[in-house]
2 protein chains.
Amino acid sequence: MPKRPLQKLQASLVARRYYLENQTKSEIADKLGISRFKVARLIETALKEGIVHIEIRDQSDLNTELAERLREAYGLNVALVLDGPDLPSNALIEPLGLLVADFLEETLTDGQLLGLSWGRTLAAAAKAISKLAKVDVVQAAGSPARLDLSQNPTELVHRFARAAGGLAYPLFGPMWVEDPELVGKLRAEPSIADAMSRYDKIDALVVGVGSWRPQESCLCSGFPEDWRREALKHNVQADICATLIDPDGQAVGSPLDSVGLCLSTEQLRRIPERIVAGGGLEKVDAIRAVLKGGWVTTLITDASVARRLVGEVVRY
Amino acid sequence: MPKRPLQKLQASLVARRYYLENQTKSEIADKLGISRFKVARLIETALKEGIVHIEIRDQSDLNTELAERLREAYGLNVALVLDGPDLPSNALIEPLGLLVADFLEETLTDGQLLGLSWGRTLAAAAKAISKLAKVDVVQAAGSPARLDLSQNPTELVHRFARAAGGLAYPLFGPMWVEDPELVGKLRAEPSIADAMSRYDKIDALVVGVGSWRPQESCLCSGFPEDWRREALKHNVQADICATLIDPDGQAVGSPLDSVGLCLSTEQLRRIPERIVAGGGLEKVDAIRAVLKGGWVTTLITDASVARRLVGEVVRY
DNA sequence: AGTGTCTCCGCTCATTTGATCGGAACTGCT
DNA sequence: AGCAGTTCCGATCAAATGAGCGGAGACACT
């Protein structure tokens with residue numbers, strides 16, 4: 001028996017009354033005949049000594065602890081981390097989509113303008129959306145090559161707009177054309193011009209994150225051979241909407257800047273809320289890159305990625 | 001997945017920041033763009049829903065939770081409950097004595113007058129005492145019959161006084177005599193009168209609790225046969241110093257009132273701090289009785305007794 | 001639409017709490 | 001004993017928090 005059990009004893013007694021019985025510190029102090037400062041200090045030591053244990057138990061499938069660490073490490077506004085074992089990207093698309101849907105349902109407010117790129121996670125989100133705030137929805141980039149129909153970005157924009165009861169501004173056109181003259185004509189096309197003119201007013205943009213590991217990215221694999229070579233020479237790790245990102249998070253110029261039908265890098269930067277969704281360890285390099293560059297304000301990912309990212313000591 | 005994980009999610013996020021990262025509610029509110037009231041309500045629900053778990057871990061061998069419940073159930077000022085398995089009284093005497101010693105060392109203040117009765121727990125306490133506040137010590141009752149030397153109350157008073165560096169007022173005399181005339185003479189005896197005259201000024205009294213189950217109580221077994229019969233007719237369950245207590249906690253008159261060399265029941269009542277020590281299930285009836293009658297302000301006991309007592313639903 | 005109920009929100013005002021400070025008491029050292 | 005270093009304590013003032021209230025919006029029912 002320690003010679004003075006009563007110091008810690010009193011600490012645990014005070015802590016019990018304060019935390020478990022909701023008595024005020026002053027009240028406890030009066031009853032115990034000590035000053036309220038002493039009570040406060042006892043509680044402090046109880047906390048420090050581990051006499052008081054406070055534990056936050058997640059009751060959903062979200063890991064809020066990882067989320068919080070991730071959020072702090074990369075200066076995000078919000079991080080949502082789906083808890084669970086390491087799974088391949090494919091298996092994560094649907095739950096992440098659900099999460100994106102839920103997040104949008106709870107955070108968008110009437111009258112905002114939502115920008116959407118494309119991707120499987122967004123497609124899953126679109127399916128899961130039920131009721132959205134009354135927002136208008138604009139397509140942030142034309143259709144990339146080799147996209148199957150279920151991911152048709154135009155369809156996606158309509159789905160969101162319908163759920164929101166707002167207007168849809170789809171972009172009927174390819175993400176890029178190789179002929180500079182043709183780009184000019186397309187951009188002048190009224191429906192396309194209408195959509196693209198709204199890019200500066202987007203309140204929130206939702207995009208998947210594209211990995212540039214060979215054979216993974218839609219965008220990478222859809223690029224013309226010479227573009228891709230050029231991009232890989234710059235060590236591009238990720239694409240976010242139409243912006244290519246190197247391992248340090250810097251934007252790498254690409255032909256899309258001139259011949260794309262899409263949000264420009266500058267426009268992307270200016271969007272107040274940039275929501276990026278993507279999970280699975282295959283994407284961890286891409287996600288790290290976009291986080292480093294500060295391209296993200298809200299990240300929606302899974303625990304495997306989050307664990308990897310917070311396990312790295314660096315902070316930005 | 002619940003349709004709205006984000007309500008609880010936000011609750012756990014807010015709770016994490018509040019409890020684990022010590023951010024203020026206002027701070028959290030600002031960062032999240034919600035009102036501080038909403039933060040407070042989220043934390044409230046997190047508490048209510050069990051998202052936040054707060055646990056007080058005792059680091060000593062004291063069970064503060066039982067102590068607190070006991071304290072509340074019987075309106076005690078302080079309860080100390082030694083944690084551990086059910087043990088017989090004998091095995092508890094030494095640890096309880098240590099506890100009494102520690103308690104006195106931490107709570108007595110210079111200049112007070114400490115009253116002591118006798119008993120094995122007090123003897124153990126006396127052995128464990130090392131440094132006490134500078135108090136004077138007065139013996140609250142004469143020596144009962146059949147007490148072995150180690151429990152000699154006079155010796156006890158001296159030990160305490162020596163540890164305290166204060167004066168000792170022992171009572172050289174028996175706890176009672178059967179001849180009323182002799183009592184008068186003894187009470188007039190200067191050293192005895194000196195001690196007894198201080199009974200009204202006692203700040204804190206430490207007593208063991210005596211059980212009146214046959215063959216257990218020192219006091220009971222030491223009583224003359226006719227006194228004991230009379231007491232048992234009144235269903236006496238306990239003695240506390242020289243006062244006999246029935247199962248409801250009422251004081252039962254006894255010859256000690258007239259022929260005892262000891263604190264009277266009225267004097268006992270007036271002592272501000274009445275510290276009662278005793279443990280072991282054999283004593284539970286006695287302890288219950290003295291608690292019921294409000295004879296105790298500080299109870300020092302063991303977990304088996306505490307469990308039993310708080311397990312009974314009644315409150316007084 | 002009208003209406004009663006209900007929940008949720010943020011305001012005001014009083015209370016509770018924290019940050020910071022200087023002084024008292026204690027300790028170890030000369 | 002005398003003295004620096006340390007710890008502990010409680011006061012003050014500002015900040016954080018809680019209790020309670022009324023209004024706005026959602027919902028169900030007429």
Side-chain angles (χ1 to χ4, degrees), chain A residues 2-49 51-52 54 56 102 105-112 130-135 163-165, chain B residues 2-49 51-52 54 56 102 105-112 130-135 163-165:
Chain A
K3 190 63 208 131
R4 286 288 145 93
L6 293 188
Q7 176 73 15
K8 286 191 173 181
L9 164 73
Q10 196 176 34
S12 74
L13 184 118
V14 161
R16 189 179 304 283
R17 293 199 195 181
Y18 185 68
Y19 285 111
L20 268 29
E21 298 175 26
N22 290 318
Q23 304 187 22
T24 72
K25 296 181 183 182
S26 317
E27 196 181 345
I28 298 166
D30 289 346
K31 287 194 196 160
L32 264 50
I34 58 184
S35 79
R36 72 181 180 84
F37 305 98
K38 173 124 190 162
V39 171
R41 282 171 186 135
L42 280 170
I43 291 176
E44 266 173 42
T45 60
L47 244 15
K48 211 171 46 201
E49 303 264 338
I51 294 172
V52 178
I54 303 183
I56 311 295
D102 278 332
E105 292 186 359
E106 295 223 353
T107 54
L108 292 178
T109 59
D110 291 356
Q112 291 191 307
S130 59
K131 191 156 178 286
L132 215 51
K134 192 165 163 39
V135 297
Chain B
K3 191 61 207 132
R4 287 288 143 95
L6 295 188
Q7 175 73 16
K8 285 191 173 182
L9 163 74
Q10 196 175 36
S12 72
L13 184 117
V14 161
R16 189 178 304 282
R17 294 198 195 183
Y18 185 69
Y19 285 111
L20 267 28
E21 300 175 25
N22 290 317
Q23 304 187 25
T24 71
K25 295 182 184 180
S26 316
E27 198 180 344
I28 298 167
D30 289 347
K31 288 194 195 160
L32 263 50
I34 57 183
S35 79
R36 71 181 179 86
F37 304 97
K38 172 127 188 161
V39 172
R41 282 170 185 136
L42 279 170
I43 291 176
E44 267 173 40
T45 60
L47 246 16
K48 210 171 45 198
E49 303 265 337
I51 294 173
V52 179
I54 303 183
I56 311 294
D102 279 332
E105 291 186 2
E106 295 223 354
T107 53
L108 291 179
T109 58
D110 291 357
Q112 293 191 305
S130 60
K131 191 160 177 284
L132 214 52
K134 192 165 163 41
V135 297

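Keep in mind that this is a model prediction, so the values were computed, not measured. Atoms considered below: every heavy atom in the structure, side chains included; atoms not considered: hydrogens, waters and symmetry mates. Every chain is numbered from 1 and lettered A, B, ... according to where its sequence line falls, protein lines coming before strand lines.
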Under the 3.5 angstrom rule, does the side chain of A:Lys25 hit a backbone N or O of A:Arg36 as a donor-acceptor pair?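 Here the side-chain-to-backbone pair does not exist.
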
Would you name the heavy atoms of [X] and [Y] that are closest together and state the gap between them?
X: A:Lys134; Y: A:Asp110; result: N-OD1, 2.9 Å
X: A:Ala11; Y: A:Thr45; result: CB-OG1, 4.3 Å
X: A:Ala15; Y: A:Val52; result: CB-CG2, 3.5 Å

Report the distance from atom [atom1] of [X] to atom [atom2] of [Y], rounding to the nearest 0.5 Å.
X: A:Leu42; Y: A:Leu9; atom1: CG; atom2: CG; result: 10.0 Å
X: A:Arg41; Y: A:Ile34; atom1: CZ; atom2: CD1; result: 11.0 Å
X: B:Gln10; Y: B:Leu13; atom1: CD; atom2: CG; result: 7.0 Å
X: B:Asn22; Y: B:Glu27; atom1: CG; atom2: CD; result: 10.0 Å
X: A:Gln23; Y: A:Leu32; atom1: CD; atom2: CG; result: 9.0 Å

Members of residues 17-27 of chain A that approach DNA chain C, where some heavy atom sits under 4.0 Å away: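 Contacting residues: A:Tyr18, A:Thr24, A:Lys25, A:Ser26.
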
Within this structure, what is the [atom1]-to-[atom2] distance between [X] and [N], rounded to whole angstrom?
X: A:Leu47; N: C:dG18; atom1: CG; atom2: C1'; result: 14 Å
X: A:Glu44; N: C:dT20; atom1: CD; atom2: C1'; result: 13 Å
X: B:Ile34; N: D:dT17; atom1: CD1; atom2: P; result: 13 Å
X: B:Phe37; N: D:dA16; atom1: CZ; atom2: P; result: 13 Å
X: B:Arg36; N: C:dC13; atom1: CZ; atom2: P; result: 13 Å
X: B:Leu42; N: D:dT17; atom1: CG; atom2: P; result: 14 Å
X: A:Asp30; N: C:dT17; atom1: CG; atom2: P; result: 11 Å

Short heteroatom pairs, N/O only, protein and nucleotides 5-9 of chain D, under 3.5 Å:
from  : atom 1 : to      : atom 2 : distance (Å)
D:dC9 : OP1    : A:Lys38 : NZ     : 2.8

What's the verdict on side-chain contact (heavy atoms from CB on, under 4.5 Å) for A:Leu108 and A:Leu132, showing C-alpha distance, side-chain angles and the deciding distance? CA-CA 7 Å; A:Leu108 292 178; A:Leu132 215 51; 4.1 Å; yes

Can you check whether B:Ile54 reaches B:Tyr19 side chain to side chain, under 4.5 Å on heavy atoms?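 When only atoms from C-beta onward are counted, B:Tyr19 and B:Ile54 do touch, with a gap below 4.5 Å.
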
What are the atom names and distances for every N/O pair under 3.5 Å that joins the protein to nucleotides 24-27 of chain D?
none

